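One structure is given below, encoded as structure tokens.
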Amino acid sequence: MNKLNVLLVAVVMVFATGFAQAQKIASVDINSIFTSMPEMKALDQQLQNLQTSKQGELEKQGKSLQDLMKKYQDEAAKQTPAINEQRSQEVQKLQDNLQQLYAAAQKDIAEKRDAGLAPIEKKINDAISKVSKAAAYEFVFDASSPALVYKAGTDATPAVRKELGL
């Protein structure tokens, strides 16, 4: 019985080793590809210019708000409580507007980045697929992360979903 178990384990190991060697697996360092692409360098420059422009606008607005606040603080002792309250509300409204401008600027930059990255990512993914098919790779992993980039082998997802009752 013991010899039968050893023989069975040996047979399973031979088949497992043969199966693992039959699969062609590769890795790609996508981060290094991104950073070396001229399109990515151009996008980075565009985003930097946009950020500098938005930052300049925000600093200008912030400076005028600070000047107004200083003026109101200097004049506060000479004004009535009603006027001071009105000025306080005005300052609060301007601060809120400045925060909204900041949020809008961040959103604009993120949207530009996402819009610019989409064609670059597609270009890289298309290239990975083409190379993978030509070299008959079944799996391609991103070397800079644990992400699977390309897969031509068997997908076990449906079986796992069925096992989980999904």
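Just so you know, these numbers use all the heavy atoms, side chains as well, and skip hydrogens, waters and symmetry mates. Because the structure is predicted, anything quoted here is derived from the model rather than measured. For this chain, numbers begin at 1 and follow the sequence in order.
- Looking at every heavy atom in both residues, Leu50 comes nearest to Ile109 through CD2-CG1, 3.9 Å.
- One finds a salt bridge joining Asp126 and Lys122 here, because a Lys/Arg side-chain nitrogen approaches an Asp/Glu carboxylate oxygen to under 4.0 Å.
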message = I'd like to know whether Asp74 forms a salt bridge (charged side-chain N to carboxylate O under 4.0 Å, His left out) with Lys70, so could you lay out the CA-CA distance, the side-chain angles of the two residues, the decisive distance to 0.1 Å, and finally the verdict.
response = CA-CA 6 Å; Asp74 292 345; Lys70 183 174 179 359; 3.3 Å; yes
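- Rounding to the nearest 0.5 Å places CD1 of Ile33 at 5.5 Å from CD1 of Ile128.
- The side chain to side chain donor-acceptor pair (under 3.5 Å) pairs that include a residue from residues 32-41 are Glu39-Lys123, where partners are two or more places apart or lie in different chains.
- There is no side-chain donor-acceptor pair under 3.5 Å between Gln61 and Glu57.
- Residues Asp96 and Gln100 have side chains that never bring a donor and an acceptor to within less than 3.5 angstrom of each other.
- With values rounded to the nearest 0.5 angstrom, Arg87 atom CZ is found 4.5 Å from Gln79 atom CD.
- Atom OH of Tyr102 sits in a sparse spot, with 12 or fewer heavy atoms from other residues, nucleotides or ligands closer than 6.0 Å.
- We find the CD-CD distance between Gln51 and Gln106 to be 7.0 Å, quoted to the nearest 0.5 Å.
- Side-chain contact check for Glu111 versus Lys107: some heavy-atom pair is nearer than 4.5 Å.
- Gln89 and Glu85 form a side-chain donor-acceptor contact under 3.5 Å, judged by distance and modelled atom types alone.
- Residues Asp44 and Gln48 bring no donor and acceptor atom of their side chains to less than 3.5 Å of each other.
- Proximity of Leu68 to Glu90: side-chain heavy atoms (C-beta onward) are separated by under 4.5 Å at one or more points.
- Shortest non-hydrogen contact noted between Leu117 and Phe34 is CD2-CE2, 4.1 Å.
- Summarising the geometry of Leu58 relative to Ala105, their closest heavy-atom pair is CD1-CB, 4.3 Å, with the distance given to 0.1 Å.
- Minimum heavy-atom separation, Arg113 to Leu43: O-CD2, 4.1 Å.
- More than 12 heavy atoms of other residues, nucleotides or ligands lie within 6.0 Å of NZ in Lys54, so this atom counts as buried by the packing criterion.
- A chain of hydrophobic side-chain contacts below 4.5 Å, direct or via other Ile, Leu, Val, Met, Phe, Trp or Tyr residues, connects Met37 to Leu47.
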key: Gln95 and Gln99: CA distance, side-chain angles, deciding distance, side-chain hydrogen bond (donor to acceptor under 3.5 Å, both in side chains) verdict   = CA-CA 6 Å; Gln95 285 176 331; Gln99 288 176 344; over 6 Å; no
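- Distance alone, capped at 3.5 Å, is enough to place a donor-acceptor pair between the Ser129 side chain and the Asn125 backbone.
- Salt-bridge annotation for Asp67 and Lys71: absent, with no side-chain N of the basic residue lying under 4.0 Å from a carboxylate O of the acidic one.
- Looking at every heavy atom in both residues, Asn84 comes nearest to Ala76 through ND2-O, 2.9 Å.
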